2 protein chains.
Amino acid sequence: MKNNAQVSVPVIKRLPRYHRYLEELKNMGVVRISSKELSIRMGLTASQIRQDLNCFGGFGQQGYGYNIEQLYNEIGIILGINKRSKAIMIGAGNLGHAIATHLHFENRGFDLIGIFDNNKNVIGTEIGGKTVLDSAELEEFCKTEKPVVAILCIPAEYAAENADKLVGLGIKGFWNFTQYDLMHRYEGVAVENVHLGDSLMTLCYQINKLPDNNEV
Amino acid sequence: MKNNAQVSVPVIKRLPRYHRYLEELKNMGVVRISSKELSIRMGLTASQIRQDLNCFGGFGQQGYGYNIEQLYNEIGIILGINKRSKAIMIGAGNLGHAIATHLHFENRGFDLIGIFDNNKNVIGTEIGGKTVLDSAELEEFCKTEKPVVAILCIPAEYAAENADKLVGLGIKGFWNFTQYDLMHRYEGVAVENVHLGDSLMTLCYQINKLPDNNEV
DNA sequence: ATGTCTTTGTTAAAAAATTAAACAAGTTTT
DNA sequence: AAAACTTGTTTAATTTTTTAACAAAGACAT
């Protein structure tokens with residue numbers, strides 16, 4: 001085991017990827033794997049894998065390697081995806097709709113317990129078996145249900161006011177799909193950004209940088 | 001100006017964010033800004049801003065700072081969002097539908113010229129004014145239209161075969177929404193991943209790490 | 001015009017993260 | 001019982017990223 005020194009962000013960001021590869025191996029019926037073999041498969045070094053895992057404890061065995069199912073479970077525990085935190089979604093437009101139906105929240109530590117919108121045409125419709133609620137009911141809902149995470153799928157211009165309100169209602173984390181920057185805005189509130197526009201621009205840069213693409 | 005040494009990925013990833021903040025300032029009618037003031041607004045250091053920009057050239061003036069409109073345009077040029085690369089979307093399910101309608105491709109260097117699916121129920125429907133085409137037509141379409149980027153919104157299990165095929169048809173970049181890892185698979189092909197599942201798990205980790213959340 | 005103030009571009013230093021190497025100790029295999 | 005593996009851990013080296021520092025140059029005020 002390790003002392004609980006702060007684990008660096010890059011390490012954390014790699015955990016879901018380990019988890020994915022281990023799941024795949026598990027489903028393939030593979031029982032054990034060495035850091036060496038996993039490193040080849042994932043395109044990193046055995047040293048890094050061992051060092052990453054060692055931030056959380058010793059899950060392997062000398063001469064044997066790692067038991068895939070065990071390591072898979074351990075990483076799940078580290079990530080906390082066994083617990084279920086309550087999540088609500090704010091904004092049920094195209095994007096919200098897709099996120100709500102596309103993701104397996106239950107496998108990733110969350111229960112999506114409510115979807116809110118303020119568009120009369122959307123309120124009352126069903127998304128993934130859940131009825132879209134009126135944003136006007138948000139406050140009461142939060143007081144009784146006490147959700148922990150809010151998924152923001154609203155236009156950037158409404159992000160700030162909604163986020164402020166939600167933090168006031170006890171929200172401790174945001175999955176932020178808006179272009180608005182929520183980081184550094186609240187103390188003790190987690191923010192995970194999915195800036196699709198930024199991502200697309202990054203791709204644009206890469207494309208225009210490729211040697212081939214030199215048609216002025 | 002700078003010699004065109006390789007610019008690091010973190011710098012590139014920050015460019016869209018600069019672009020966003022400058023756009024906002026521009027729309028507010030602000031004409032100029034210093035690295036110091038921008039750093040406060042964005043939550044980073046003035047030093048980092050100056051160094052980031054200096055990778056591409058000197059856009060500011062001593063004693064004055066940066067002209068916002070000029071810097072905004074320059075960053076746009078660096079990112080290449082003035083040109084328009086042709087993009088196609090593979091997979092028009094919930095997620096594909098949302099991405100196709102939600103993003104302003106034109107403002108980010110792309111033209112979405114085709115949407116493909118192999119589901120008979122989806123083929124022929126309209127998404128954002130575009131008719132969803134049959135995947136069977138993909139090859140012919142690519143030969144005549146020569147798209148550069150493919151947006152993958154298909155299940156992970158079909159990612160590999162589709163990507164291989166698309167690279168064969170001349171695709172030079174992927175915007176990858178599948179869980180499948182495309183990195184290191186092709187030479188000279190750009191890959192920008194949007195791993196929503198990984199992102200959600202990272203948030204899960206953060207939430208369960210928060211001091212408050214200690215109910216075992 | 002002159003002097004002060006600001007702020008850049010750039011260089012140098014510091015910090016952080018990654019990679020690599022090495023090895024005792026325990027496991028598996030032969 | 002010996003040989004071959006492979007981990008957890010330490011240490012060092014390398015690379016990358018961030019921060020600090022400052023001369024030089026333009027802006028601004030008087």
Side-chain angles (χ1 to χ4, degrees), chain A residues 1-15 17-18 21-22 25 30-75 78 183-184 202, chain B residues 1-18 21-22 25 30-72 74-75 78 183-184 202:
Chain A
M1 282 290 176
K2 278 265 120 173
N3 53 354
N4 47 358
Q6 192 65 20
V7 180
S8 76
V9 174
V11 173
I12 304 301
K13 295 259 180 207
R14 279 194 291 271
L15 291 180
R17 189 148 175 265
Y18 289 132
Y21 274 81
L22 291 167
L25 288 163
V30 186
V31 174
R32 74 184 226 190
I33 197 166
S34 68
S35 57
K36 178 105 176 274
E37 201 185 327
L38 186 59
S39 74
I40 292 167
R41 195 176 272 271
M42 293 186 66
L44 8 105
T45 68
S47 202
Q48 183 169 43
I49 292 177
R50 292 213 295 277
Q51 209 152 14
D52 279 355
L53 295 178
N54 202 238
C55 293
F56 305 100
F59 307 120
Q61 221 166 22
Q62 289 103 323
Y64 178 89
Y66 300 89
N67 176 285
I68 286 174
E69 182 143 14
Q70 185 206 332
L71 185 54
Y72 174 77
N73 290 333
E74 290 285 1
I75 292 180
I78 293 164
M183 294 117 96
H184 320 119
T202 305
Chain B
M1 282 290 178
K2 277 268 120 172
N3 52 355
N4 47 358
Q6 194 63 21
V7 179
S8 76
V9 174
V11 173
I12 304 303
K13 295 258 179 206
R14 279 193 291 270
L15 291 180
R17 188 147 174 267
Y18 289 132
Y21 275 81
L22 290 166
L25 287 162
V30 186
V31 173
R32 75 184 228 191
I33 196 165
S34 68
S35 57
K36 177 101 177 279
E37 201 185 327
L38 186 58
S39 74
I40 292 167
R41 195 176 273 269
M42 293 186 66
L44 12 102
T45 67
S47 201
Q48 184 168 47
I49 292 177
R50 293 212 295 277
Q51 204 153 17
D52 281 354
L53 295 179
N54 201 237
C55 293
F56 305 99
F59 307 119
Q61 222 166 25
Q62 287 104 323
Y64 178 89
Y66 300 90
N67 177 285
I68 286 175
E69 182 144 15
Q70 184 206 332
L71 185 56
Y72 174 78
E74 290 286 1
I75 292 180
I78 293 165
M183 293 117 96
H184 320 120
T202 305

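Quick caveat, the model's predicted, so the values are computed rather than measured. Proteins get letters first, then strands, A, B, ... in listed order; numbering begins at 1 in each.
Within the 4.5 Å cutoff, no side-chain heavy atoms of B:Ile33 are placed close to those of B:Tyr21. In this structure, B:Leu44 and B:Arg17 have side chains that are in contact, with non-hydrogen atoms separated by less than 4.5 Å.
When the C1' atom of D:dT9 is taken as reference, atom CG of A:Asp52 falls 14 Å away, rounded to whole Å. Rounded to an integer number of Å, the gap from CD1 of A:Ile68 to P of D:dT6 is 13 Å. In this structure, the NZ atom of A:Lys13 is 17 Å from the C1' atom of C:dA16, given to the nearest Å. In this structure, the CG atom of A:Leu71 is 11 Å from the P atom of D:dT7, given to the nearest Å. For the pair A:Leu53 CG and D:dT7 P, the interatomic distance rounds to 10 Å; values are reported in whole Å. Distance CG (B:Leu38) to P (C:dT6): 19 Å, rounded to an integer number of Å. Between B:Ile33 atom CD1 and C:dT7 atom C1' there is a gap of 13 Å when expressed in whole angstrom units. Rounded to a whole Å, the CZ atom of A:Phe56 is 18 Å from the P atom of D:dT7.
In this structure, OG on A:Ser34 lies 9.0 Å from CZ on A:Arg50, to the nearest 0.5 angstrom. A:Met42 CE to A:Leu22 CG: the interatomic distance, rounded to the nearest 0.5 Å, is 7.5 Å. Here the CZ atom belonging to A:Phe56 is positioned 8.5 Å from the CD1 atom belonging to A:Ile75, to the nearest 0.5 angstrom. Taking CG from A:Leu53 and OH from A:Tyr66, the interatomic distance works out to 5.0 Å, rounded to the nearest 0.5 Å. To the nearest 0.5 Å, the span separating CG on A:Leu71 from CG on A:Leu38 amounts to 8.0 Å.
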Show me the protein contacts with nucleotides 11-17 of chain D, counting only N or O atoms at under 3.5 Å.
| residue | atom | partner | partner atom | Å |
| --- | --- | --- | --- | --- |
| D:dT17 | OP2 | B:Ser8 | OG | 3.2 |

For nucleotides 22-29 of chain C, list the nitrogen or oxygen atoms of the protein found under 3.5 Å from its nitrogen or oxygen atoms, one pair per line.
| residue | atom | partner | partner atom | Å |
| --- | --- | --- | --- | --- |
| C:dG26 | N2 | A:Gly63 | N | 3.1 |
| C:dT27 | O4' | A:Gln62 | O | 2.5 |

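Checking the phosphate oxygens (OP1, OP2) of D:dT18, no side-chain nitrogen or oxygen of B:Thr45 falls inside 4.0 Å. For D:dG8, neither phosphate oxygen OP1 nor OP2 lies less than 4.0 angstrom from any side-chain nitrogen or oxygen of A:Asn54.
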Checking A:Arg14 against A:Val11 for the side chain to side chain contact (heavy atoms under 4.5 Å, CB included) test, could you report, in this order, the C-alpha distance in whole Å, the side-chain angles of both residues, the deciding distance, and whether it holds?
CA-CA 5 Å; A:Arg14 279 194 291 271; A:Val11 173; 3.8 Å; yes
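Taking every heavy atom of both residues into account, A:Ser35 and A:Ile49 meet most closely at O-CD1, 3.7 Å.
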